[in-house]
Amino acid sequence: MRVVLVEDLYLLREGLTHLLTAHGFEVVSAVETGPELLTAVQEHRPDVAIVDVRLPPTFTDEGLQAAHEARRRIPGLPVLVLSQHVEQLYARELLADGSGAIGYLLKDRVFNATQFVDALRRVAEGGTAMDPEVISKLVESNAHQEPLGTLTAREREVLELMAEGCSNAAVSHRLYISEGAVSKHIASVFGKLNLTNSNDTNRRVLAVLAYLNSANLD
């Protein structure tokens, strides 16, 4: 699996390169800025890009903007964004097209190599990988919104794990309930959020978007 990486910190960039190489990835380009990312993804057409949110020159959201531009130029390009802090607005913007192949992880997750690599593979294969802390804050901030307020506590727990990218089996394992119960909770979430089945959209992603779009986040 071919990876383009953009990270301005030399030590983290080198560390990620070694980690990914050790797990069978090919880092075809490791760069420092947003413009370099755009050049690299167009040249190499990677299977997935890893992008730090804050890049030179202002260290605000240059990485996020570069990620958006990369997906505009290469529709469907899988992107895993790394951030030092939980930024709810950033997470909402990343999920906005509802097509999946998006991840948003805190940098601390990199220290668990297995979980990080699993998340990266999930994103590269078209799934999602949202940081549990990000999802918890999103759900918490939207809990009072309709139709969000109609979800039960268990349904919110299931939705959080869906947004992390967990399969039904993984949700079952995490919550100590049967897969049949998981399926019922998911069906209930989709129903309460008015998400109909379609070949063109990812309902798991849209379920998270439903939370985000009903919020009034700045």
Side-chain angles (χ1 to χ4, degrees), residues 1-85 87 89-131 134 164-165 199-202 204-205 208-209:
M1 191 171 290
R2 302 166 73 252
V3 180
V4 163
L5 165 66
V6 56
E7 166 59 58
D8 63 294
L9 295 177
Y10 172 78
L11 289 178
L12 184 54
R13 187 169 66 250
E14 288 297 302
L16 281 169
T17 299
H18 287 295
L19 183 154
L20 293 170
T21 301
H23 285 80
F25 294 87
E26 179 186 3
V27 180
V28 294
S29 182
V31 297
E32 301 180 37
T33 68
E36 290 176 320
L37 166 70
L38 297 177
T39 300
V41 296
Q42 289 191 295
E43 178 181 355
H44 297 287
R45 299 283 171 161
D47 298 302
V48 61
I50 301 174
V51 182
D52 182 15
V53 166
R54 300 186 180 188
L55 295 173
T58 68
F59 297 97
T60 54
D61 65 348
E62 285 89 345
L64 188 73
Q65 297 307 319
H68 282 305
E69 178 61 20
R71 279 171 65 92
R72 188 189 70 77
R73 297 184 185 185
I74 306 175
L77 173 70
V79 174
L80 176 62
V81 170
L82 297 178
S83 178
Q84 192 69 41
H85 308 286
E87 300 281 1
L89 178 59
Y90 292 170
R92 181 175 61 179
E93 290 180 352
L94 282 168
L95 290 164
D97 65 9
S99 61
I102 279 292
Y104 185 107
L105 295 181
L106 298 181
K107 286 187 174 179
D108 289 348
R109 306 300 175 191
V110 174
F111 297 110
N112 186 322
T114 299
Q115 289 185 8
F116 176 71
V117 167
D118 286 346
L120 183 61
R121 291 189 188 280
R122 198 159 60 242
V123 170
E125 293 168 356
T128 58
M130 303 301 290
D131 194 282
V134 175
E164 289 179 30
N199 292 328
D200 300 323
T201 55
N202 184 324
R204 288 175 178 256
V205 174
V208 179
L209 273 175

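Inter-residue side-chain proximity for Phe25 and Ile50 is flagged as unmet; no heavy-atom pair is nearer than 4.5 Å. Side-chain contact between Val27 and Leu16 is absent, with no heavy atoms from C-beta onward closer than 4.5 Å. Using a 4.5 Å heavy-atom threshold, the side chains of Leu120 and Leu20 count as touching. Pro46 has its side chain within reach of Leu77: a pair of non-hydrogen atoms, C-beta onward, lies under 4.5 Å apart. Using a 4.5 Å heavy-atom threshold, the side chains of Val79 and Ile102 count as touching. Arg2 is listed as a side-chain neighbour of His44, based on a closest heavy-atom distance under 4.5 Å. By the 4.5 Å heavy-atom criterion applied to side chains, Val4 and Val28 are counted as neighbours.
Of the candidates Thr114, Val110, Asp108, Thr114 is the only one forming a side-chain contact (heavy atoms from CB on, under 4.5 Å) with Asn112.
A donor-acceptor pair under 3.5 Å links the side-chain atoms of Arg13 to the main chain of Glu7, judged by distance alone. Remark: the backbone N or O of Ala124 is not paired with any side-chain donor or acceptor of Asp47 at under 3.5 angstrom. When atom types are taken as modelled, the side chain of Glu36 and the backbone of Glu32 share a donor-acceptor pair closer than 3.5 angstrom. Between the side chain of Glu62 and the main chain of Thr60, a donor-acceptor pair closer than 3.5 Å is present.
Within the model, atoms CG of Leu55 and CG of Leu64 stand 10.0 Å from one another, a figure rounded to the nearest 0.5 Å. Note that the CG atom of Leu80 and the OH atom of Tyr104 stand 11.0 Å from one another [nearest 0.5 Å]. Here the CZ atom belonging to Phe111 is positioned 10.5 Å from the CG atom belonging to Leu19, to the nearest 0.5 angstrom. Rounding to the nearest 0.5 Å places CG of Asp118 at 14.0 Å from CZ of Arg109.
Of all heavy-atom pairs spanning Ala129 and Arg122, the tightest one is CB-NH2, 3.6 Å. Minimum heavy-atom separation, Thr33 to Val6: O-CG2, 3.5 Å. Nearest heavy-atom pair, His23 versus Ala113, reported as atom, atom and distance to 0.1 Å: CE1-CB, 4.1 Å. Across all their heavy atoms, Thr128 and Val123 have their closest contact at C-CG2, 4.4 Å. Summarising the geometry of Leu38 relative to Ala70, their closest heavy-atom pair is CD2-N, 3.6 Å, with the distance given to 0.1 Å. Closest heavy-atom contact between Gly63 and Val51: O-CG1, 3.2 Å.
With hydrogens and angles left out, the side-chain atoms of Arg73 and Gln42 include a donor and acceptor closer than 3.5 Å.
For Arg72, the side chain to side chain donor-acceptor pair (under 3.5 Å) partners two or more places apart in sequence, or in a different chain, are Glu69. Scored by the salt bridge (charged side-chain N to carboxylate O under 4.0 Å, His left out) test, Arg45 finds no partners at all (sequence neighbours excluded).
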Could you check Asp52 against Lys107 for salt bridge (Lys or Arg N to Asp or Glu O under 4.0 Å), going step by step and ending with a plain yes or no? CA-CA 9 Å; Asp52 182 15; Lys107 286 187 174 179; 3.2 Å; yes

